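The chains referred to below are lettered A, B, ... by the order of the sequence lines, with proteins before strands, and numbering in each begins at 1. Just so we're clear, the structure is a prediction, and the values are computed from it rather than from any experiment.
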Amino acid sequence: MDKSFEPRQIESKWYARWEASGDFRPTGHGVPYSILLPPPNVTGTLHMGHAFQQTVMDMLTRYHHMRGCNTLWQVGTDHAGIATQKIVENQLAVEGKTRHDLGREPFIERVWQWKEESGSTITNQMRRLGVAADWSRERFTMDEGLSSAVRKVFIDWYRAGLIYRGNRLVNWDPVLGTAVSDLEVNNVERDGHMWSIRYLTADGSDSLVVATTRPETMLGDVAVAVHPDDERYRHLIGKQLHLPLTGREIPIIADDYVDKDFGTGCVKITPAHDFNDYAIGQRHNLTPIDIFTLDAKVNDNAPEKYRGLDRYEARKAVLADLEASGLLVETKPHKLQVPVSQRSDAVIEPMLTDQWFVDLTSDVQKDGRPGGRKAITEPALDAVRSGEIKFVPDNWSTTYTQWLDNIQDWCISRQLWWGHRIPAWYDEAGNIFVGDDEADARAHAGTTPVGALRQDDDVLDTWFSSALWPFSTMGWPANGPVKNEKGEIVANWENDKVFLPSAVLVTGFDIIFFWVARMVMATKYFTGLAPFREVYINAIVRDAEGQKMSKSKGNTLDPLDLIDGIEREPLVEKSTKSLLIPQVREKVEKRIRKDYPDGIPAIGTDALRFTFAALASYSRTINFDIKRAEGYKAFCNKLWNAARFVLMNLPEGEIPAPAGAPVTEAERWILTRLKQTLVEVEQYFVTYRFDLLAQTLYEFTWNEYCDWFLELSKPALNGDDSAAVASTRHTLLVVLETVLRALHPLIPFITEEIWQAVGPKLGLSSASNLLQRPWPDAASIPTDDAASAEIEWFKNVLSGVRRIRAEMNIAPGKTIPLLLADGDANDRLRVAKFATQISFLARVEAPQWIESGANEPSAAAAVVGSLRVLIPLEGLIDLAAEKARLAKEIGRIETEIKKCEGKLGNANFVANAPAEVVTQERQRITDWNVQLSALREQAQKLG
RNA sequence: GGAUGCUUAGCUCAGCGGUAGAGCGUCGCCCUUACAAGGCGAGGGUCGUAGGUUCGAUCCCUACAGCAUCCACCA
């Protein structure tokens, strides 16, 4: 083994071997354990959130594989409709073209081409992370198998009356030219104005004032609403108003929705461009008047002078005209929430359009069949309420159920080209025909089409296909094997349905609604099964200061840069490449030069993974600090060097297991601790406490195995007790091999590399991967509490001597005398037993006992129980300093004793506290007193 | 308006009824033959505030303050 750990060299070789070995595929035996990868955008790149999430999934997959489960990590990618189409449209824009210049078919061809070029980027990045995913089953949401599942779901739901087409008010993105769902709209606070406009009654005798943040929409007003109980306006209800600038007359209506105390108490009603107004319009049978084209320009329903104006130009024009006619009463600044499209940043315009919806809200259909609430929504709610699906942490189930309780119908049609085209056709009379293809659609229609059929131009929401991921990837609905383009079998429902429900879904809270809920709905409906048993909601990765990572802040980190390292200037270049605004660019440049004056050091995949594990508590966010990652790289190095130490202390060839029990106390102690560690680790896997899991293994490896056991093994290995030598060698090896297995799910590369050298020493074949070794069996590891107590004693003695040496500034290399006084019979036995270890590790001469009554030289002391461990002061130690040290220690113990006495002196405590707590307290006070008298005696001896 | 979190050492976070912990940072002393990406040692906290429950509260309850996120929103 090389002198230090070089991640780059070892990582490059292992992944290819793992993947080729077929070890990532299900074994076909054992309890099924499957995980679904949330399919990333096919043309995307790996970000920190992915890396974190995938590390978690990989730890779980590898752990269960080692436990003998029939493990499947189902991977694949998502076509990501809007995002992918936009990228290709941007590419076209560079050539000065739009998708319409190309036409639908050539454009889609071009998107496929882009998918072919960039589709493997993210999957190759995943490989760099070391994921134990079954790539032979990799799927794409638009491959044939998954597309046929999409069609079948659409058709089945349509035929069950659960998908309908309707003219509804939807969130319209005027830049992308498509409807988007409620979830794809963010409300952003912006500075705007509140304008008050006077509307005169038709007869001119009276007037009222409406308040609005969107004056241009008055062109589509169909009424003004007031509260029915509002004394100010009661006399006007039912009268007609003259709508300024339009020549139209509109009624004054009464509706509870209006808040008397807000604004003027009068609300203009524009049903075609506002969701609340739409609802009011429906209640009062008002016909909406839409005034915008699909690109948000004023249409022909408005007076001629405004036609063709963009909505914001129209606003200016309308305000100017109102002002001119004296109807603009007031303009004041106002903060308002503006709906913004997540994908394009465009301000959403509610628009009346024909769209497809999944019914999620009706109880019963007109013909008596169950409606969407009964058939789809409630089963999804029940799955979580009944505990069939469990959220981790549990409070996310509240978020889930509250959303489903208030759900709206799901708008599933998108006016895009890239995606699953809706399997619906229209005849010339507007009748709808739904089917797998045109022939199927005709065959299933109750009527004969009038004229030719034309397929719907729209595609389905990307999340529609994602919702089917749990079962579509398992081969549903095909009968028999599903093959990929190369003719290889990727799924077979008959066999693969054992992987449903999957064990756990690892995902971010941000897609609970988009994806998690919809998977539950679709999977429950079509298979009767839950898609997963648990949903582990992972934290969001932030930067070291807790700021959200964003390109415009320049605080994003590329996981690959952490793995491989990157110099400062290339990092600056890379981070500013896509920033177009000069000020932002400059700011980011500055920040990076400041944060990474030397670039980013290469920490390797294992250290990155370990960092993610160590940060993964139940907290909602994790702040990623490179410093922390560097610390875990040091841990990898520590493990590496521990392995080197063990291997260089072993003779050639296999190391046979000694016949009897381990010879030394140190061995029996480290095995005891190993067992406890494994038991804890298993618990942490069950509860998804990867932070505690990582910490437990870190502490065992570093603070116990390396700091104590390796050190204790040195005198044993150098001693002349050949049984102890043989036994210690074997235990060093066995514990190391076990730790490698326990750490493998977290840090697969380095453990594999080391194991290949360690395994053969135990007679294990290096031909197989570490993943194929069983998870350590804690139950078979022997424990020895007596040995553990002896080692604890030893650690106290040694630490005591070290403390004296450090505080008295005794050179570490200097061998000094060691005297012992008082103590009990046990101490005598232990000193005799550990004499060599004490001398070796504390750098002291052979310990000498001072019999009671004999003269003691003045000395510095460490007290362990009643035993006084003495370092003679002569020539070494500052007497005053030692007195001060003792006084401080005595003071500390006196405080502790006072606390104990306080408790035990309280009759209520003794009467009410559990017996074992009282006993424990009494024991403590006894122990403290033993130590105190030893310290006092020492102080007295010093004078 | 509804919901959910968070507030513990300089920083980032565990702990959650019975001796306050870790990593990083800080301060000493050491290149001791596995490891200076290291070793040994030290310092550092009235656990947001105020009440309550309890023999006992960082931990449970209530209120308040501050911070954060999600959902729904008044034109």
Should the pair A:Glu216-A:Arg214 be classified as a salt bridge under the 4.0 Å nitrogen-to-oxygen rule?
-> yes

From CZ of A:Phe700 across to P of B:G23 the rounded distance in Å is 17 Å

Separation of A:His334 atom NE2 from B:C73 atom P, in whole Å?
-> 15 Å

For atom P, what is the distance between B:C31 and B:G39, given to the nearest Å?
-> 16 Å

From the list A:Phe391, A:Phe513, A:Phe509, ring pair (Phe, Tyr, Trp, His ring centres under 6.0 Å) with A:Trp396 holds only for A:Phe509

Nearest listed nucleotide, side chain of A:Ala913, among B:A34, B:U19, B:G18 = B:G18

Test for a donor-acceptor pair under 3.5 Å between the base of B:C71 and the side chain of A:Gln402, counting only N and O atoms.
-> no

Could you please name the option among B:U19, B:A75, B:G28 that lies closest to any side-chain atom of A:Phe262?
-> B:A75

4.5 Å side-chain heavy-atom contact, A:Ile670 and A:Glu704 = yes

Nearest to the side chain of A:Trp702, which nucleotide is it out of B:G38, B:C24, B:A75?
-> B:G38

Consecutive-pair stems (at least three Watson-Crick or G-U pairs, under 3.5 Å) that include RNA chain B = B:1-7 with B:65-71, B:10-13 with B:21-24, B:26-30 with B:38-42, B:48-52 with B:60-64

Taking the side chain as C-beta and beyond, is there a heavy-atom pair between A:Leu236 and A:Leu208 under 4.5 Å?
-> yes

Indicate, with a heavy-atom threshold strictly under 4.0 Å, whether A:Glu807 touches base, sugar-phosphate, or nothing.
-> sugar-phosphate

Within the pair A:Lys888 and B:G43, is there a side-chain N or O less than 4.0 Å away from OP1 or OP2?
-> yes

Rounded off to whole Å, could you give me the CG-to-P distance for the A:Asn908 and B:G56 pair?
-> 7 Å

Does the ring centre of A:Tyr684 sit less than 6.0 Å away from the ring centre of A:Phe690?
-> no

Ignoring backbone atoms, test whether A:Asn912 places a side-chain nitrogen or oxygen under 4.0 Å from the OP1 or OP2 oxygen of B:C55.
-> yes

B:A42 phosphate, OP1 or OP2, under 4.0 Å from A:Arg803 side-chain N/O | yes

Between B:C6 and B:A42, how far is it from one P atom to the other, in whole Å?
-> 34 Å

Choosing from B:A75, B:G41, B:G18, which nucleotide comes nearest the side chain of A:Glu921?
-> B:G18

For atom C1', what is the distance between B:C24 and B:A63, given to the nearest Å?
-> 37 Å

Would you indicate what A:Asn395 reaches in the nucleic acid, counting non-hydrogen atoms under 4.0 angstrom: base, sugar-phosphate, or nothing?
-> sugar-phosphate

Just checking A:Phe513: base, sugar-phosphate only, or nothing, at a heavy-atom cut-off of under 4.0 Å?
-> sugar-phosphate

Angle class for the A:Phe610/A:Phe635 ring planes (parallel below 30°, perpendicular above 60°, tilted otherwise)?
-> tilted

State plainly whether the residues A:Lys627 and A:Asp595 are in salt-bridge range, i.e. N to O under 4.0 Å.
-> no

Whole-Å distance separating the CD1 atom of A:Ile603 from the P atom of B:G23 = 18 Å

So does A:Trp403 get a side-chain nitrogen or oxygen closer than 4.0 Å to the phosphate oxygens (OP1/OP2) of B:G2?
-> no

Spacing of the C1' atoms in B:A20 and B:G15 (rounded, Å) = 9 Å

Which nucleotide, B:A75, B:C55, B:G28, lies nearest any side-chain atom of A:Thr213?
-> B:A75

Looking at B:C30, B:G18, B:A14, which one has an atom nearest to any side-chain atom of A:Pro812?
-> B:C30

OP1 or OP2 of B:G56 less than 4.0 angstrom from a side-chain nitrogen or oxygen of A:Lys899, does that happen here?
-> no

Between A:Glu704 (CD) and B:A22 (P), how many Å, whole number?
-> 13 Å

If the C1' atom of B:C60 is compared with that of B:U54, how far apart are they to the nearest Å?
-> 10 Å

Spacing of the P atoms in B:G41 and B:U49 (rounded, Å) | 34 Å

Taking A:Thr731 for its side chain and A:Thr728 for its backbone only, find out whether a donor-acceptor pair lies under 3.5 Å.
-> no

Given B:C55, B:U69, B:A75, which nucleotide is nearest the side-chain atoms of A:Val258?
-> B:A75

Between B:C13 and B:U7, how far apart are the C1' atoms? Round to whole Å, please.
-> 12 Å

Is the gap between the ring centers of A:Phe624 and A:Phe52 under 6.0 Å?
-> no

Are OP1 or OP2 of B:C13 and a side-chain N or O of A:Asn623 less than 4.0 angstrom apart?
-> yes

Classify the nucleic acid contact of A:Asn906 as base, sugar-phosphate or nothing, counting any heavy atom under 4.0 Å across all strands shown.
-> sugar-phosphate

Closest to the A:Arg542 side chain, choosing from B:C40, B:A68, B:G18 | B:A68

Cation over ring face, A:Lys638 and A:Tyr705, 6.0 Å, 45° | no

Taking OP1 and OP2 of B:U32, is either one under 4.0 Å from a side-chain nitrogen or oxygen of A:Arg802?
-> no

How are the rings of A:His334 and A:Phe262 set to each other: parallel, tilted or perpendicular (split at 30° and 60°)?
-> perpendicular

When you match A:Asn809 and A:Glu699 each to their closest nucleotide on RNA chain B, which lands nearer the 5' end?
-> A:Glu699

Of A:Met194 and A:Ala642, the one whose nearest nucleotide on RNA chain B sits closer to the 5' end is A:Ala642

Tell me: OH of A:Tyr705 to C1' of B:C35, nearest whole Å?
-> 14 Å

Rounded C1' spacing from B:G17 to B:G52 in Å = 15 Å

Can you check the A:Ile754 CD1 to B:A34 C1' distance for me, whole Å?
-> 12 Å

Are any of A:Lys638's side-chain N or O atoms less than 4.0 Å away from OP1 or OP2 of B:G39?
-> yes

Can we say A:Asp230 and A:Arg232 salt-bridge, meaning some charged N sits less than 4.0 Å from an Asp/Glu carboxylate O?
-> yes

Quick one: is B:C13 close enough that its OP1 or OP2 comes under 4.0 Å of any side-chain N or O from A:Ser617?
-> no

Sugar-phosphate only, base, or nothing, as touched by A:Phe509 at under 4.0 Å among non-hydrogen atoms | sugar-phosphate

In whole angstroms, how far is the P atom of B:A22 from the OH atom of A:Tyr684?
-> 15 Å

Hey, does A:Cys900 reach any base, or is it just sugar-phosphate, or nothing, if we go heavy atoms under 4.0 Å?
-> nothing

Which of the following nucleotides, B:A34, B:G23, B:A37, is nearest to the side chain of A:Asn641?
-> B:A34

Of the candidates B:C35, B:G38, B:C73, the side chain of A:Ala634 sits closest to B:G38

